[in-house]
Protein chains: 2
Amino acid sequence: MLLGRVARMYYEHGLTHQEIADTLGVSRIRVTRLLAEARETGVVEIIVHVEESLFADDERDLAAAFGLRQVWISPSVADEQKAARAFASVGAEALAAKLEPDAVVALGLSTAVALVAEEFPDHPLAASFVPVAGSVSGLVNGANPHELALAFARRTNGRAFHLPAPLLAASPEAAAASLADPGVRGVLELAARADTLVAGIGGTARGQGLLLSSLGDAERERLLADGAVGDLAGRFFDADGDAVHGALDARVVGLGLDELRAIPNRLGIARGETKLAALRTALESGLVNLLVTDSDTAKALLAD
Amino acid sequence: MLLGRVARMYYEHGLTHQEIADTLGVSRIRVTRLLAEARETGVVEIIVHVEESLFADDERDLAAAFGLRQVWISPSVADEQKAARAFASVGAEALAAKLEPDAVVALGLSTAVALVAEEFPDHPLAASFVPVAGSVSGLVNGANPHELALAFARRTNGRAFHLPAPLLAASPEAAAASLADPGVRGVLELAARADTLVAGIGGTARGQGLLLSSLGDAERERLLADGAVGDLAGRFFDADGDAVHGALDARVVGLGLDELRAIPNRLGIARGETKLAALRTALESGLVNLLVTDSDTAKALLAD
DNA sequence: GGGGATCATGTACATTTGTTCACAACAATG
DNA sequence: CATTGTTGTGAACAAATGTACATGATCCCC
């Protein structure tokens with residue numbers, strides 16, 4: 001077990017990579033890689049014994065300001081990749097905290113949620129993961145609700161459901177036909193009874209979010225004219241947090257805004273300046289009652 | 001709790017010192033130091049999940065070759081300071097493994113044992129620590145048996161005993177007088193009944209060990225002429241592992257070699273080329289039945 | 001027995017981390 | 001009130017670590 005020896009020499013005896021390489025007769029780079037592997041595989045476990053969360057005060061303030069049940073904040077850093085990972089791991093922590101064994105989790109389609117799935121720890125909870133809307137067509141590498149449900153299910157030893165329908169049907173009639181399908185309806189009914197919703201919150205900037213980016217400019221303009229300020233799991237809402245019913249809304253195959261709002265735990269996952277307006281509305285109108293965001297966004301939300 | 005936030009940002013979110021410093025508005029150096037503090041104070045705990053020890057095969061071979069009950073080997077590295085610390089921490093591990101609550105531990109005076117005391121983990125065992133010989137006069141920073149016993153006692157919430165006598169009396173008569181003192185005798189009798197002896201093994205090179213370095217060259221020559229190859233806790237032995245009785249031996253205030261040998265667990269702690277001959281004899285003659293050494297010394301001992 | 005992919009490896013470099021030093025602020029001591 | 005030690009600080013440097021890329025091995029499929 002070379003890996004274990006390397007890990008112990010490094011973490012228990014404080015030798016450098018080079019020293020370990022010399023005593024073991026391997027290259028330094030190999031030691032570096034073995035150590036990375038040891039951390040990834042859990043051979044090396046690092047525990048920080050701190051009860052309080054990183055931004056405890058901001059989390060408390062945000063919860064109070066918007067009447068949220070709980071808030072989690074990840075650290076903002078310049079390095080976007082790192083910030084995204086930190087954000088996702090805080091999201092995973094938040095979801096894990098709310099998840100009970102055999103829970104039913106409704107999943108909104110969102111790149112943020114997809115990242116959370118990646119970071120989700122391996123804990124056998126046997127939960128069920130159910131998409132709240134159909135899939136986008138084409139390759140959207142890993143952000144399709146079905147893959148997403150699968151990723152969560154794999155990590156929790158749970159079950160993943162598939163909604164065999166497009167997120168956006170070609171016409172209102174086609175959407176209605178999809179919804180009439182027993183398989184589709186069954187899954188959506190299950191999603192509606194979920195304990196917990198996990199969804200991203202999207203803004204209305206051009207090209208933002210999986211739904212908007214699949215629309216033309218004309219349709220987007222129409223949405224804005226109808227008062228849309230953002231979307232939750234594929235459903236656009238206006239400045240009061242009410243659903244924007246229109247041509248687009250009728251083509252979406254998924255739970256409606258009121259059905260989403262009926263789910264007890266509604267965990268919103270969003271960060272970034274472009275999402276601020278949507279986020280503010282979603283929080284004020286109670287669309288979500290649990291929030292994961294980053295510290296910059298939190299500060300902006302609190303700066304009122 | 002700045003410390004905790006820094007630790008979590010670093011270990012849970014993988015930010016760099018600089019990134020943490022920027023988000024928290026402190027200097028990078030401060031972050032570096034806080035992280036070091038977090039590791040030292042145990043706020044950050046690093047566990048390596050590996051059952052097998054570092055040099056399991058050599059340990060097994062050495063135990064078999066010399067009929068030892070158990071052997072612990074620390075990694076040898078060029079950096080002497082680091083090697084010493086690794087050695088000491090393995091020594092601490094070994095002693096901790098053999099220590100039962102309320103045990104009586106006899107302590108041989110040795111810099112190696114002193115280092116072990118430094119590395120000994122804080123575990124409340126309520127053991128008693130008893131010197132097997134008197135103190136050296138003058139300042140030998142931290143290697144006096146009394147300080148040594150205190151250091152162990154502090155970390156185990158145990159009791160430290162003091163032997164109010166010099167290691168080396170001015171004359172055989174003075175030594176006898178010391179031994180006649182009820183306080184001294186009481187402590188030595190307790191030491192003789194110890195469950196475990198922890199002692200360094202010294203060679204006979206000039207200036208080596210606390211005892212030899214306090215002698216003149218003439219006395220050392222005399223010792224060699226009498227056949228001494230090394231010492232255990234202040235008592236010199238010859239190539240057969242038998243006591244070297246002579247002018248020096250009569251002046252030492254402490255347990256005799258036979259009394260040391262009567263202690264059930266005898267943990268020898270020694271490493272280095274200069275100690276090889278002494279170590280080999282001590283092992284072959286059963287002066288110790290438990291051994292802590294480093295990998296270079298282990299290899300040399302096995303190369304027969 | 002060739003391609004062609006995948007994997008492991010090491011070199012060279014970039015980044016990150018740790019350490020030494022000099023200085024300043026403060027507290028204890030004469 | 002000077003003085004000595006103690007502590008905390010950051011700048012500058014030295015060391016350690018991580019990464020991108022190039023190379024060579026190995027396997028697999030045709």
Side-chain angles (χ1 to χ4, degrees), chain A residues 1-48 50 54 74-86 88-89 118-119 139 141-142, chain B residues 1-48 50 54 74-86 88-89 118-119 139 141-142:
Chain A
M1 193 59 177
L2 186 62
L3 193 100
R5 298 180 70 189
V6 167
R8 294 193 27 164
M9 285 189 182
Y10 189 72
Y11 286 107
E12 293 182 358
H13 296 292
L15 310 197
T16 68
H17 295 191
Q18 189 65 62
E19 286 169 331
I20 297 169
D22 291 346
T23 50
L24 258 47
V26 301
S27 75
R28 178 185 76 77
I29 206 80
R30 182 119 189 263
V31 172
T32 303
R33 284 171 182 150
L34 283 167
L35 283 170
E37 187 187 342
R39 286 185 296 257
E40 274 163 23
T41 59
V43 167
V44 167
E45 187 185 3
I46 301 183
I47 304 166
V48 180
V50 172
L54 278 183
S74 77
S76 298
V77 267
D79 180 336
E80 169 52 26
Q81 205 176 353
K82 212 171 268 182
R85 214 169 37 233
S89 86
E118 293 300 316
E119 293 288 329
L139 262 131
N141 60 342
Chain B
M1 193 58 177
L2 186 62
L3 193 101
R5 297 180 70 188
V6 167
R8 296 192 27 163
M9 285 189 182
Y10 189 72
Y11 286 107
E12 294 182 357
H13 297 292
L15 310 197
T16 68
H17 294 192
Q18 188 64 63
E19 286 170 331
I20 297 169
D22 291 347
T23 50
L24 259 46
V26 301
S27 77
R28 179 185 75 77
I29 297 214
R30 182 116 191 265
V31 172
T32 303
R33 286 172 180 150
L34 283 167
L35 283 170
E37 187 188 340
R39 286 184 297 258
E40 274 163 23
T41 58
V43 168
V44 167
E45 187 185 4
I46 302 183
I47 304 166
V48 179
V50 172
L54 279 182
S74 77
S76 297
V77 268
D79 180 335
E80 170 52 27
Q81 203 176 354
K82 213 170 269 182
R85 213 168 38 229
S89 86
E118 293 299 316
E119 293 288 329
L139 261 130
N141 60 344

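Both backbone and side-chain heavy atoms feed into the values below; hydrogens, waters and symmetry mates do not. Every chain is numbered from 1, with letters handed out A, B, ... down the list of sequences.
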### Summary
So CD of Glu37(B) and CZ of Arg30(B): to nearest 0.5 Å the spacing works out to 9.0 Å
### Task
Starting from P on dT17(D), measure out to NE2 on His17(B) and report it in whole angstrom.
12 Å
### Query
By ring-ring contact (aromatic ring centres under 6.0 Å, His included), which residues pair with His17(B), not counting sequence neighbours?
Tyr10(B)
### Query
Considering residues at least two apart in sequence or located in another chain, which fulfil the salt bridge (charged side-chain N to carboxylate O under 4.0 Å, His left out) criterion with Glu12(B)?
Arg8(B)
### Message
To the nearest 10°, give me the bend of the helix from dG1(C)-dC30(D) to dG30(C)-dC1(D), comparing the axes of its five terminal pairs at either end.
### Response
20°
### Message
So if I define the base as every atom that isn't primed, P, OP1 or OP2, how would nucleotides 7-15 of chain D read as a B/S/- string at a heavy-atom cutoff under 4.0 Å?
### Response
--BBBB---
## Note on the structure
Tightest non-hydrogen contact, residues Leu35(B) and Ala7(B), listed as CD2-CA, 3.9 Å
### Task
Identify the two heavy atoms, one from Ser27(B) and one from Ala21(B), that lie closest to each other, and give their separation to 0.1 Å.
C-CB, 3.7 Å
### Task
Could you grab the distance from atom CD1 of Ile46(A) to atom CZ of Arg39(A), nearest 0.5 Å is fine?
7.0 Å
### Query
When rounded to the nearest 0.5 angstrom, what is the spacing between CG in Leu34(B) and CD1 in Ile20(B)?
9.5 Å
### Summary
Atom CG of Leu15(A) and atom C1' of dT17(D) are separated, to the nearest Å, by 15 Å
### Task
Give the rounded distance in Å between these two atoms: OH of Tyr10(A) and P of dA16(D).
11 Å
### Boundaries of the chain A footprint along DNA chain C (any atom under 4.0 Å from a heavy atom)
dT9(C) to dT11(C)
### Nearest-0.5 Å distance that lies between atom CZ in Arg28(B) and atom OG1 in Thr32(B)
4.5 Å
### Task
Check salt bridge (charged side-chain N to carboxylate O under 4.0 Å, His left out) between Glu80(A) and all other residues, then give those that pass, not counting sequence neighbours.
Arg271(A)
### Query
Roughly how far, to the nearest 0.5 Å, is the OG atom of Ser89(A) from the NE2 atom of His13(B)?
5.0 Å
